Protein chains: 2
Amino acid sequence: MSDLLERLRGRGWRMTAQRRVVAEVLDGDHVHLTADEVHAAAIAKLPEISRATVYNTLGEMVTLGEVIEVATDGRAKRYDPNAHRPHHHLVCARCGAIRDVHPTGNPLADLPAQERFGFSVSEVEVTYRGLCPHCAAA
Amino acid sequence: MSDLLERLRGRGWRMTAQRRVVAEVLDGDHVHLTADEVHAAAIAKLPEISRATVYNTLGEMVTLGEVIEVATDGRAKRYDPNAHRPHHHLVCARCGAIRDVHPTGNPLADLPAQERFGFSVSEVEVTYRGLCPHCAAA
DNA sequence: TTAAGTGCAAACAGTTTGCATAGAA
DNA sequence: TTCTATGCAAACTGTTTGCACTTAA
């Protein structure tokens, strides 16, 4: 637990009440909050934290490579603290729920050389779309 | 050529000068323009076309399923007219160039049942990231 | 002590919407 | 003729930035 916070500390990142709260809010598995949701949750622990600080802090965590930005097509970006275990996303087309899933093979292998258009490919991002059990039942 | 326009006509879509121009601008392979780029190109052919109309028209094409919205993490959404041949995207991490690539197997098969969290998965979206030949050389 | 982080508010980009007018069918 | 699409401008959402103040190290 609070793995994200540990990682940030370990990198000698200057720690403040605001940064600690953002890291705590964002930590965990299957966490994919928007900046605004992070802000709302952070306010519960530290009422005077500002939106700008939340945005700045999230941006820095992304730059540090400790948090991943997930563009889910919806309006706002989501932030995923699970940056060190490679994984893909399973998204509910109706309610937007997201779960982390782990690749079985090496998806890079699925792109044959003649399909690479001369690119040097280093990363693959996979999003599975469907209905979550709850929405499928409704 | 002008395949998109044909498809839209074939669906009995009410045709106007503006809609035709948007369809013409967006048509082709490896086309992934932002709404603003579509607007700029449309203005060259029809100076009085408004931004709102371009946004509305693109939105309708997406609803009709004739155009795909691509969220490339950058700021603005991109629009892809190649809606009927399933394909994935190869994105240059530096300049944002996008190419269409075609899947080799059935990527849905890569997600074992125990990883589905009860979702009924119907679609997969794959984005390969790397450097295009031009950026790799620079 | 001092460089770095914070809050505020204002600026910004991308997108959507309300309403009167124009135009396709 | 009639119903839908258009243009304009204003509203909106998500995000970034400039600047004076505060604070961790």
Side-chain angles (χ1 to χ4, degrees), chain A residues 4-6 8-26 32-64 66-80 96, chain B residues 5 8-26 32-64 66-80 96:
Chain A
L4 175 59
L5 194 49
E6 303 282 289
L8 291 166
R9 266 195 223 284
R11 281 167 161 262
W13 203 45
R14 185 163 176 171
M15 196 49 63
T16 67
Q18 292 82 346
R19 290 177 166 193
R20 186 174 33 73
V21 166
V22 169
E24 286 170 1
V25 163
L26 201 57
H32 311 88
L33 301 171
T34 62
D36 233 52
E37 287 166 350
V38 171
H39 183 229
I43 275 184
K45 298 183 166 209
L46 185 70
E48 52 282 333
I49 192 170
S50 78
R51 211 177 305 266
T53 295
V54 170
Y55 273 103
N56 291 339
T57 303
L58 289 171
E60 283 162 47
M61 288 174 176
V62 171
T63 300
L64 286 173
E66 296 296 347
V67 165
I68 290 173
E69 240 178 50
V70 185
T72 49
D73 246 31
R75 211 67 77 69
K77 290 177 202 159
R78 296 188 168 273
Y79 294 88
D80 181 342
Chain B
L5 194 49
L8 291 167
R9 265 194 226 285
R11 281 166 163 262
W13 203 43
R14 185 164 178 170
M15 194 50 61
T16 66
Q18 292 81 346
R19 290 176 167 195
R20 186 174 34 72
V21 166
V22 169
E24 285 169 3
V25 163
L26 200 58
H32 311 89
L33 300 170
T34 61
D36 233 51
E37 287 165 351
V38 171
H39 183 227
I43 274 184
K45 299 183 167 212
L46 185 71
E48 51 284 332
I49 193 171
S50 79
R51 211 178 304 269
T53 295
V54 170
Y55 273 104
N56 291 339
T57 303
L58 289 172
E60 281 162 48
M61 290 174 174
V62 170
T63 301
L64 286 173
E66 295 297 347
V67 165
I68 290 172
E69 241 179 48
V70 185
T72 49
D73 245 32
R75 212 67 77 70
K77 291 176 200 158
R78 295 187 170 271
Y79 295 87
D80 181 341

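Below, chains carry the letters A, B, ... as their sequence lines are ordered, and counting in each starts from 1. Every value quoted in this text rests on a predicted model; they were computed, and no experiment measured them.
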### Message
Measure NE2/H39(B) against C1'/dA13(C) and give the value in whole Å, please.
### Response
16 Å
### Query
Whole Å only: how far is the CD1 atom of I43(B) from the C1' atom of dG7(D)?
12 Å
### Side-chain touch E60(A)/W13(A), heavy atoms, less than 4.5 angstrom
yes
### Query
Are any of T34(B)'s side-chain N or O atoms less than 4.0 Å away from OP1 or OP2 of dG14(C)?
no
### Message
Rounding to an integer number of Å, can you tell me how far E69(B) CD sits from dG14(C) P?
### Response
15 Å
#### Entry: Given dA5(D), dG5(C), dG7(C), the nucleotide with the shortest approach to the side chain of T16(A)
dG5(C)
### Task
Give a yes/no on whether any side-chain N or O of R51(A) is located under 4.0 angstrom from OP1 or OP2 of dG14(D).
no
#### Entry: First encountered from the 5' end of DNA chain D, between N56(A) and M15(A)
N56(A)
### Message
Tell me the interatomic distance from I49(B), atom CD1, to dC8(D), atom P, rounded to whole angstroms.
### Response
11 Å
### Task
When you get a sec, tell me which of dT15(C), dC8(C), dT6(D) is the closest nucleotide to the side chain of A76(B)?
dT15(C)
### Query
Does dT16(C) have OP1 or OP2 sitting under 4.0 Å from an N or O in the side chain of Y55(B)?
no
### Message
How many whole angstroms separate atom CE of M61(B) from atom C1' of dA5(D)?
### Response
13 Å
### Message
Could you check whether any side-chain heavy atom of V25(A) comes within less than 4.5 Å of a side-chain heavy atom of H39(A), counting everything from C-beta outward?
### Response
no
### Query
Closer than 4.0 Å, any side-chain N/O of R75(B) to the OP1 or OP2 of dT15(D)?
no
### Message
Using a distance-only criterion (donor-acceptor N/O pair, under 3.5 Å, no hydrogens), is the base of dA5(D) paired with the side chain of R14(B)?
### Response
no
### Query
Pick from E37(B), H32(B), E69(B): which one makes a side-chain hydrogen bond (donor to acceptor under 3.5 Å, both in side chains) with R78(B)?
E37(B)
### Task
Examine dA5(D): is either OP1 or OP2 under 4.0 Å from a nitrogen or oxygen in the side chain of T53(B)? Give yes or no.
no
### Message
When you compare the side chain of Y79(B) with that of M61(B), does any pair of heavy atoms fall below 4.5 Å?
### Response
no
### Task
State whether Q18(B) places a side-chain N or O below 4.0 Å from either non-bridging phosphate oxygen (OP1 or OP2) of dG7(D).
yes
### Query
dT15(D) C1' sits how many Å from R78(A) CZ, rounded?
16 Å
### Task
Calculate the interatomic distance between R20(B) atom CZ and dT6(D) atom C1'; express it in whole Å.
15 Å
### Query
What integer distance in Å separates W13(A):CH2 from dA25(D):P?
12 Å
### Message
With heavy-atom distances below 4.5 Å as the criterion, would you say the side chains of V22(A) and I49(A) are in contact?
### Response
yes
### Task
Name the nucleic acid region contacted by D36(B), choosing base, sugar-phosphate or nothing; use a 4.0 angstrom heavy-atom cut-off, strictly under.
nothing
